Every structure is written in structure tokens, then in C-alpha cells.
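Data first, discussion second: the structure below is written as C-alpha cells.
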Amino acid sequence: MPELPEVESVRLGVHEWTAGATITGAEVIDPRILGTTSQRRIDASAADGFVAAVTGRRIIGAERRGKFMWLTLGETPALDQLGGHEAPDLSLLIHLGMSGQLRVHQPSDEIHRHTRAILRLQRGGAQSGPAHEPYELRFIDQRIFGHLGVQPLVHASGRLVPASANHIAADPLEAAFEPGLTITALAKKRTALKSALLDQTLLSGIGNIYADEALFRAGIHPLAIPARTRQSRLAAVLESATRVMSDALQAGGTSFDALYVNVNGESGYFDRALLAYGRGGQECVRCGTEIEKMTIGGRTSHFCPNCQKPPRYR
DNA sequence: AGACGCGCCTGCAGGC
DNA sequence: TGCCTGCAGGCGCGTC
């Protein structure tokens with residue numbers, strides 16, 4: 001379940017492998033990957049359009065906001081040499097969803113059965129030679145909650161982002177993040193704090209796991225109502241979220257090789273040292289009380305009923 | 001307008 | 001053994 005740290009870890013690897021490379025071709029094996037989960041009526045021409053839009057483009061780099069990642073695309077190398085300086089004008093949005101993975105492969109490698117799309121890449125432009133062996137970036141996604149799409153770049157919250165990511169807020173690990181504004185926006189919410197933390201338009205990058213971890217570490221009950229919670233406490237949750245995600249990122253930036261740009265969506269590729277998530281029925285590491293499980297906003301939530309006292313509203 | 005709930009997917013665990 | 005149900009979850013969109 002990739003959340004911000006996992007996506008960032010993937011982004012780092014993807015950037016290393018693709019920045020400066022040229023997309024020499026592409027293949028959409030399952031066109032559903034081009035739609036959102038709500039719009040799955042993708043016809044064959046969409047796949048053709050995708051391939052046509054990316055083929056010949058140069059990858060400038062891989063960027064990320066929250067759980068949204070994208071490749072910034074420049075002009076073709078030939079056109080670029082005519083003088084234009086590399087201003088990205090297009091992006092290839094990549095959302096990993098629940099089970100998405102990106103892997104670097106040799107073209108001759110066996111195609112994994114959940115491979116939904118392939119980008120064929122070559123370093124240093126289209127010229128061939130032993131130093132410019134073709135290779136592939138493959139998007140593998142068992143559940144197809146992930147998404148690929150070619151998008152114009154638009155300005156949103158202080159940055160250029162793909163158009164379909166213009167509604168999400170900055171994430172706590174990016175320069176454009178403004179904690180003060182985030183707390184002000186959060187403090188207006190009357191929904192459960194847990195749900196608010198998952199609201200990507202408020203701040204992005206937090207998923208179910210790190211929401212539970214942040215609340216546990218800050219000692220705040222998931223059902224606390226932000227509008228009725230002291231802003232210093234809201235700030236504490238944000239700080240906990242930021243810290244737990246950067247710790248996870250530190251632990252996750254490991255193991256790269258040519259065939260594996262990391263993230264094993266199914267099992268988790270590093271030990272996250274989780275204190276609350278998935279520990280229902282086990283003892284709280286702090287006080288020994290049994291960790292409770294409950295559904296909040298349709299999501300399973302884990303918390304210590306002793307360390308995270310229920311709110312006493314009347 | 002904010003809040004909520006559904007549907008999209010697949011694989012696996014658990015019950016009968 | 002095999003079938004069925006439930007669950008996991010991010011996110012877009014429809015509904016109230």
C-alpha cells in the first residue's frame with residue numbers, strides 16, 4: 001500500500017533510471033490502466049493516443065506530490081537540439097494506487113502477468129550503440145487501482161503539477177508545504193480527524209497506515225473533531241505524520257538493481273516499525289493496553305484507547 | 001458546500 | 001475439496 005514514503009522511494013529510483021532518457025516506444029497491455037477507477041470505459045484509441053503522445057519524448061525527470069508521481073517530458077531530442085531549452089510542457093502521470101509497481105527490465109525479460117503498460121527507453125537519444133542499450137520501465141499492477149495518463153502541467157499550490165493532480169494539496173515533505181495554512185484549513189473540519197488526515201485536498205501523501213501511526217504517536221483519538229481540537233494538538237499530529245513518513249522514507253531507500261525499482265506492493269518492502277497499524281488485539285508498546293480496531297469513514301483504524309483518550313464532547 | 005458512501009479490481013483468508 | 005463471502009485500500013464521482 002504505497003503512501004508518500006513508498007512513492008518517494010520509487011520516484012528516486014525512477015528518476016535515477018529515466019532522467020535524460022528518451023521514450024522510444026510504449027505498449028499498453030491493459031487499457032484500463034489509462035482510466036481512473038471510476039472511468040474504465042477506455043477504448044483502443046486511448047491506448048493509441050497514449051503511445052503516440054509519449055513516443056519520441058525526452059524524460060526530464062521524475063517528480064512527486066503526495067502519492068501522485070509524474071515524469072516531466074520535454075521535446076524530442078532532435079527538436080531540443082534546435083535550441084529550445086528544456087521547459088517541460090507535458091507530463092506522464094503515474095499513480096501506483098494500491099498495488100502498482102514500476103520495474104526496470106531488459107526487453108528480453110519475461111513479462112509478468114500483471115504488467116499493464118511498458119515504456120521502452122534509451123539513454124542518450126535514439127542513436128544506437130553498446131552504451132545505449134534499450135531498456136524498459138514496466139508498470140505492474142495487480143488490482144488496477146493505479147493509473148497512467150498524459151497530462152498538461154498546470155500551476156497548483158506553488159508548483160507545476162499534472163492537471164489531474166491540481167486538486168491535491170502540498171505534502172508535508174515538499175518545500176511548498178505551509179503548516180500554518182494546513183492547520184487553519186484542518187481546524188475548520190467537522191469530520192473525524194482520521195478522515196481529515198486522509199483528505200488529499202487538505203494535505204496529501206497520508207494514507208491509512210500513516211494516519212493511524214501519526215495519531216498514535218501524537219496521542220490523539222482518531223474520532224477527535226478537528227474543529228474542536230486545540231490547534232497545538234493538530235500541529236502535533238502534523239509533526240508526527242511528517243516525522244513518521246520521513247523515518248519510513250529513510251528506512252525505505254534501499255535495494256536497487258537493474259531489475260527492481262522497488263516497492264513490493266503486496267508485502268511492503270521494508271520494515272516500517274509500525275506501532276498501531278495492524279496491531280489490533282496486541283498490547284500497546286507504551287502502556288500495554290490492548291490496541292483497538294474500529295471502522296472510521298469506511299477505513300479500518302487502530303488506536304490505543306488509553307494513550308489516545310476518546311474525545312469528551314457534549 | 002461539506003460530508004458520506006459506492007464502485008472499481010484482484011487475491012487471499014476464513015467459514016461451511 | 002470447493003464454493004462463497006468478506007476484506008484490503010486510493011480515489012473519483014454521485015448523492016444527500
Side-chain angles (χ1 to χ4, degrees), chain A residues 1-8 10-11 28-43 46 64-70 93-102 112-117 139-149 151 156 161-169 171 184-214 222-228 241 245 248 263-269 272 274 276-281 293-302 313:
Chain A
M1 301 139 251
E3 300 182 27
L4 187 155
E6 292 76 23
V7 178
E8 174 61 9
V10 172
R11 186 200 68 80
V28 178
I29 296 169
D30 190 332
R32 290 177 298 175
I33 207 67
L34 299 178
T36 66
T37 52
S38 314
Q39 295 176 332
R40 279 288 160 75
R41 299 180 185 283
I42 303 295
D43 53 28
R64 182 193 57 76
R65 163 168 278 174
K67 303 170 208 170
F68 287 70
M69 168 170 47
W70 61 93
L93 176 73
I94 304 169
H95 199 295
L96 300 177
M98 255 291 289
S99 52
Q101 301 177 29
L102 284 168
H112 185 282
R113 60 192 276 246
H114 293 136
T115 305
R116 310 301 180 185
F139 190 62
I140 298 161
D141 187 5
Q142 176 193 101
R143 296 185 197 178
I144 323 185
F145 275 30
H147 168 72
L148 290 181
Q151 308 249 326
V161 304
S164 70
N166 72 339
H167 64 294
I168 72 166
D171 71 61
T184 303
L186 187 56
K188 290 177 181 153
K189 290 285 173 179
R190 306 196 160 272
T191 183
L193 177 53
K194 165 74 184 271
S195 302
L197 290 176
L198 296 176
D199 182 349
Q200 305 295 302
T201 67
L202 221 43
L203 80 166
S204 65
I206 301 178
N208 201 37
I209 295 172
Y210 294 111
D212 280 3
E213 293 301 309
L223 287 179
I225 303 299
R228 310 182 73 162
M245 290 197 294
V263 159
N264 175 339
E266 285 90 58
S267 61
Y269 63 97
R272 287 194 195 79
L274 301 177
Y277 184 85
R279 298 194 71 248
K293 251 172 87 168
M294 74 185 300
T295 301
I296 299 171
R299 296 289 141 80
T300 307
S301 304
H302 313 73
Y313 305 130

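Naming: A, B, ... by sequence-line order, numbering from 1 per chain. Here the structure is a predicted model, which means the values were calculated and not measured.
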* Structure fact -> Of A:Lys189 and A:Arg113, the one whose closest nucleotide on DNA chain B sits nearer the 5' end is A:Lys189
* To do: For A:Arg299 and for A:Ala192, find the nucleotide of DNA chain B with the closest heavy atom, then tell me which residue's nucleotide is more 5'.
  =>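 The 5'-side residue here is A:Ala192.
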* To do: Grab the two heavy atoms, one from A:Pro226 and one from A:Ala192, that are nearest each other, plus how far apart they are.
  => CD-C, 4.2 Å
[X] [atom1] to [N] [atom2], straight-line distance once rounded to whole Å:
X        : N      : atom1 : atom2 : answer
A:Asp141 : B:dT10 : CG    : C1'   : 10 Å
A:Met98  : B:dG11 : CE    : C1'   : 10 Å
A:Ile33  : B:dT10 : CD1   : P     : 11 Å
A:His167 : C:dC11 : NE2   : P     : 8 Å
A:Leu198 : C:dG12 : CG    : P     : 14 Å
A:Leu96  : C:dA8  : CG    : P     : 21 Å
A:Asn208 : C:dC11 : CG    : C1'   : 13 Å
A:Leu202 : B:dA3  : CG    : C1'   : 13 Å

NA contact type, [X], heavy-atom cut-off 4.0 Å: base, sugar-phosphate, or nothing?
X        : result
A:His147 : nothing
A:Ser195 : nothing
A:Arg190 : sugar-phosphate

* **Spacing of A:Ser195 atom OG and A:Leu202 atom CG [to the nearest 0.5 Å]** => 11.5 Å
* Nearest-0.5 Å distance, CD1 of residue A:Ile33 to CD1 of residue A:Ile144 ->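 The distance works out to 6.0 Å.
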Between [X] and [N], is there a side-chain N or O to OP1/OP2 distance below 4.0 Å?
X        : N      : result
A:His95  : C:dC11 : yes
A:Arg143 : C:dC11 : no
A:Thr191 : B:dC4  : yes

* Charged N to carboxylate O below 4.0 Å: is that the case for A:Lys194 and A:Asp212? ->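 Looking at A:Lys194 and A:Asp212, the cut-off is met.
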* Closest to the A:Glu3 side chain, choosing from B:dT10, C:dC11, C:dG10 ->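 Comparing B:dT10, C:dC11, C:dG10 against the side chain of A:Glu3, the answer is C:dG10.
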* **Trace of the salt bridge (charged side-chain N to carboxylate O under 4.0 Å, His left out) decision for A:Asp171 with A:Arg64** => CA-CA 9 Å; A:Asp171 71 61; A:Arg64 182 193 57 76; 3.0 Å; yes
